[in-house]
Structures are given as C-alpha cells and as structure tokens.
Amino acid sequence: MSQPLGAQTIALVKATVPALEAHGLDIVHEMYSRMFRNHDIRDLFNQSHHGDAGSQPRAPTGAILAYASNIDNLSALVPAVERIAQKHVGLQILPEHYPHVADALLGAIKAVLGDAATDEILAAWGEAYWFLAHILIAREERIYAEQKEAAGGWNGWRDFRVEDVVRESSVIKSFVLRPVDDKGVMPHKPGQYLTFWFDIPGHPPIKRNYSISAAANGQTYRISVKREPHGLASGWLHDHAAAGTILKVAAPAGEFFLADRPERPVVLLSGGVGLTPMVAMLEALVATGSSVPVHYIHGTHNRQTHAMREHVRALASRGKAVRVTDFHQTPLADETAGRDYDLAGLITDGWLIANTPASEADYYICGPRPFLRAAVSALSLAGVRSDRIHYEFFGPADELLAA
C-alpha cells in the first residue's frame, strides 16, 4: 500500500499548478517524446491518441493538471483511476513499465521548466507519481488476476480467428471472433471493450480498443467497426480482415458497463458507431428477460449509415418493455418517417428530457464528443444525478497515464 503523501509534497505539487497551466502541453509533449525513444514502450501505447511527432496531447495535460489540483482531495480522482487501470490492462501495461514513465515525466518537467524545477519540486513530483503508480499497479494486478481466474479468461495476447464478417452499413462492419484454441471465452460485462494488437506491414505495432457489440455467450465476441477517414486499423479491418484472419486480442476490460439486474428504467443513448456497446446492453437485457422499461435511442445520418437497425427492432419485439426511437439527421430523398426512421434531425435536449424518465432512469451514453457533451450537459441541467449518467466516448482518455 502507498504511504500517504506528506504535507510538504502536497504543498509543492499544488504550487506547480500555475506552471502546469502555462506549460503543461510542452511538458506532456516532451514526456511522450522521451518515452517513445524506447520502441518497446512506444508499442505499449495507442499511437492514434498521440498523433505524429509535432502534436501536443491535450488529454494527458489536463489529467496531470487535475491530479496536481486535487492532490489534497484524491477521492475526486477515484473514477479516473479505475478508467486508467482498465485501459492499462487492455494495453497489457505491467509494473516494470512504470519506471520508464516516471523518468520521462520528471525529465520533461526539468527540461521545460528549467531552473524553476528545483530538486525539491522534482522530488515532490516523484513521490506523487509513485503514490499514484502504486495504487494503479495494485488495482491492475487484481484485474489481471480476475481475468486469468475467470472461466475462459486469459492474460496477455490470445489468438482469435475471424469467423464471420457482416456489413452493417455503408461505414460499419461486424467481425465475429472465435479463439483459435476453441476453449471458450470469459463472459464480458455489456459495454466493455477488447484491445487488439495489429501488425500492419509498413507500420510499427498498433493497438486499438473496440467495444464488444454482442451480449456474452461464452464462445465468441463480436465487434462492429466504423471505417474512419485515414483510420489505419479500421481501414485494415475493412479491407483485409476476412473469415480465417487471425487477430491478437486482450481480455475484455472497461469500467463502462450495464449494471447487473437493473431495477430502474434504462435509457440507451447513442450516436453513430456509439451504438456498439448499446446493442450489447440491449441483447443482455432481452436475454435475461429483464422487465425494466428500456428506451433505445439512436442518431445517425441516414439509412445508409444506420447499422443494426433490423437487429435492434427484432430485439425490441422480444423484450418485455423496450421502446426504440431512431433519428436520421439528414434523411435520404426516398426515406420515409415511420418506415426508415422515427424522427428527422438531431436528438435535441428538449426531446430527450421530455421523452425519457429523467427523474428515474439510468442513462448509458456513447458517441462522439460533441454528442456526449451535449447529452450529459442536458441531463445534468435537468437534475439527473451524476451517478445515473454513465458514458463512454471515443478518442484518448482524459486521465494521467492513459494510453
């Protein structure tokens, strides 16, 4: 267990907040530059979240600043710590990797702040870093143990064979994955993701997280992947992955998932490919015979980009209390309301509050950042408790050390 931080360490770290506000981007850029000189460390991270050599990662900058600002109120960081630990487990980050990050962070602080980074300041940040690191290491060790001990579970990278590929829309394909060893797979919690290791010719190894888009069945997983503009991994999957392709996969992880046996109404709200964890949640609710009211709300551009529409409708017809509402932002000329979609335009704040049980429901939300930001803001302003707003977003995690 980590020793509590001393009062002097807390004071010194908090004293660096103005410097972090002014120079945080430079520090993070320098930190990653130092870390990625070691290719083994570089390959641990999801490079799509760090950009090319000239970029400056904003998410870790805000995370470091948040840690410094809340170092005397660490309970505020508990949700972030869990998210980081889950991401690290997906990426297979181990205790022996932490010293590399420590050296890079402290070296970056010294390089950017110069004489202002006194020995006392660096010592305080070193203590603060290792305090957090030990918390993360302990949590990650527990998650690794749970994965290994679960029926069908594993640690490290496991070979999966693509069993089937299904075109879901003009931009989304689903891939059904079965382990090569045919020994079954650990049940995931609906909403969790898999992490993949891709060896694409002409590129260093890359890692990507993809939400599992089906409920647990003990035998296979399904991911549903949108082809992103200039997306290296998504483009490769769409163009090259076929039945028989072998992929390296880490065990399911993630802190965004449907509660076991929900007792309150559930609202599943998604935009674009954000529907993937929602479909898994809806499948699970229907499969378990849940009687809680469920409202599945999805927004996309039009019929061509609308993935899994018929599958969702079929699930709703088998559920006990499932209602589906589809929004098409820009319906095609031959689309008809009531047949191809329910409502035209965007999902508005007013509609969401008026048509869902805001005072009673648990909301699960996934989609692009603007979509997510608008939905969470609307629900918060409507008085929905924060512990009933659960969300997942695309892109880099907004926490310290998130890859």
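All values reported here derive from a predicted model rather than from experimental measurement. Numbers here simply count residues along the sequence, with the first being 1.
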Residues 236-245 vs side chain to side chain donor-acceptor pair (under 3.5 Å), sequence neighbours excluded, gives R227-D239
Between S234 and E228 (side chain of the first, backbone of the second, donor and acceptor by atom type, cut-off under 3.5 Å), is there such a pair?
yes
L12: side chain to side chain contact (heavy atoms under 4.5 Å, CB included) partners, not counting sequence neighbours
Q8, E120, I121, A124
Hits for side chain to side chain contact (heavy atoms under 4.5 Å, CB included) against R264, two or more places apart or cross-chain, chain-then-number order -> D362, R388
For the side chain of Q86 and the backbone of G254, is there at least one donor-acceptor N/O pair under 3.5 Å apart?
yes
Which residues share a ring-ring contact (aromatic ring centres under 6.0 Å, His included) with F371, sequence neighbours left out
none
With salt bridge (charged side-chain N to carboxylate O under 4.0 Å, His left out) as the rule and sequence neighbours excluded, what pairs involving residues 161-178 come up?
E163-R178
Who passes ring-ring contact (aromatic ring centres under 6.0 Å, His included) against F196, sequence neighbours left out?
F198, Y210
E255 CD to E392 CD distance, which is reported to the nearest 0.5 Å:
6.0 Å
With sequence neighbours excluded, give me every salt bridge (charged side-chain N to carboxylate O under 4.0 Å, His left out) pair touching residues 135-154.
E82-R139
Gap between atom CD1 of I64 and atom CG of L25 - 0.5 Å precision:
10.0 Å
Return the NE2 to CD distance between H23 and E30, rounded to the nearest 0.5 Å.
14.0 Å
Can D342 and R313 be counted as an ion pair, charged N to O under 4.0 angstrom?
yes
Mind checking the CH2-CD1 spacing from W197 to I206? Nearest 0.5 Å is all I need.
11.0 Å
Sole residue of I246, V176, L177 in side chain to side chain contact (heavy atoms under 4.5 Å, CB included) with F160:
L177
Side chains of T300 and N302 only: does a donor on one sit below 3.5 Å from an acceptor on the other?
no
Shortest non-hydrogen pair, V162 vs F175, comes out as CG1-CD2, 4.4 Å
So, using side chain to side chain contact (heavy atoms under 4.5 Å, CB included) as the criterion, who are the partners of A378 when residues are at least two apart?
D349
To the nearest 0.5 Å, how far apart are CE in M278 and OG in S211?
8.5 Å
For G271 and P368, which heavy atoms make the closest approach, and how far apart are they?
O-CD, 3.6 Å
Which label fits H295 and W351: parallel for a plane angle under 30°, tilted from 30 to 60°, or perpendicular past 60°?
perpendicular
Who passes ring-ring contact (aromatic ring centres under 6.0 Å, His included) against H306, sequence neighbours left out?
H298, H328
Criterion salt bridge (Lys or Arg N to Asp or Glu O under 4.0 Å) on R318 and E283, from CA distance to verdict:
CA-CA 10 Å; R318 301 203 305 269; E283 285 190 8; over 6 Å; no
Criterion side chain to side chain contact (heavy atoms under 4.5 Å, CB included) on H88 and Y98, from CA distance to verdict
CA-CA 11 Å; H88 282 187; Y98 278 83; 3.0 Å; yes
Under the ring pair (Phe, Tyr, Trp, His ring centres under 6.0 Å) rule, what pairs show up with a residue in residues 250-281, not counting sequence neighbours?
none
Judged by atom type as modelled, is there a donor-acceptor pair below 3.5 Å linking the side chain of S169 to the main-chain atoms of I172?
yes
Output side-chain donor-acceptor pairs under 3.5 Å for residues 151-159, partner residues at least two apart or in another chain, one line each.
{"residue": "W154", "atom": "NE1", "partner": "G156", "partner atom": "O", "Å": "3.4"}
{"residue": "W154", "atom": "NE1", "partner": "V249", "partner atom": "O", "Å": "3.1"}
{"residue": "N155", "atom": "ND2", "partner": "Y144", "partner atom": "O", "Å": "3.0"}
{"residue": "R158", "atom": "NE", "partner": "D181", "partner atom": "OD2", "Å": "3.3"}
{"residue": "R158", "atom": "NH1", "partner": "G152", "partner atom": "O", "Å": "3.2"}
{"residue": "R158", "atom": "NH1", "partner": "G184", "partner atom": "O", "Å": "3.3"}
{"residue": "R158", "atom": "NH2", "partner": "D181", "partner atom": "OD1", "Å": "2.8"}
{"residue": "R158", "atom": "NH2", "partner": "D181", "partner atom": "OD2", "Å": "3.3"}
{"residue": "R158", "atom": "NH2", "partner": "G184", "partner atom": "O", "Å": "2.9"}

Can you tell me if Q147 uses its side chain to pair, donor with acceptor, with the backbone of P252 under 3.5 Å?
yes
E263 atom CD: more than 12 heavy-atom contacts under 6.0 Å
no
For a quick test of reading the model, state the closest non-hydrogen atom pair linking V267 to A361 and the distance between them.
CG2-CB, 3.9 Å
Just jot down the side chain to side chain contact (heavy atoms under 4.5 Å, CB included) partners of S69, sequence neighbours excluded, or say none.
V17, L65
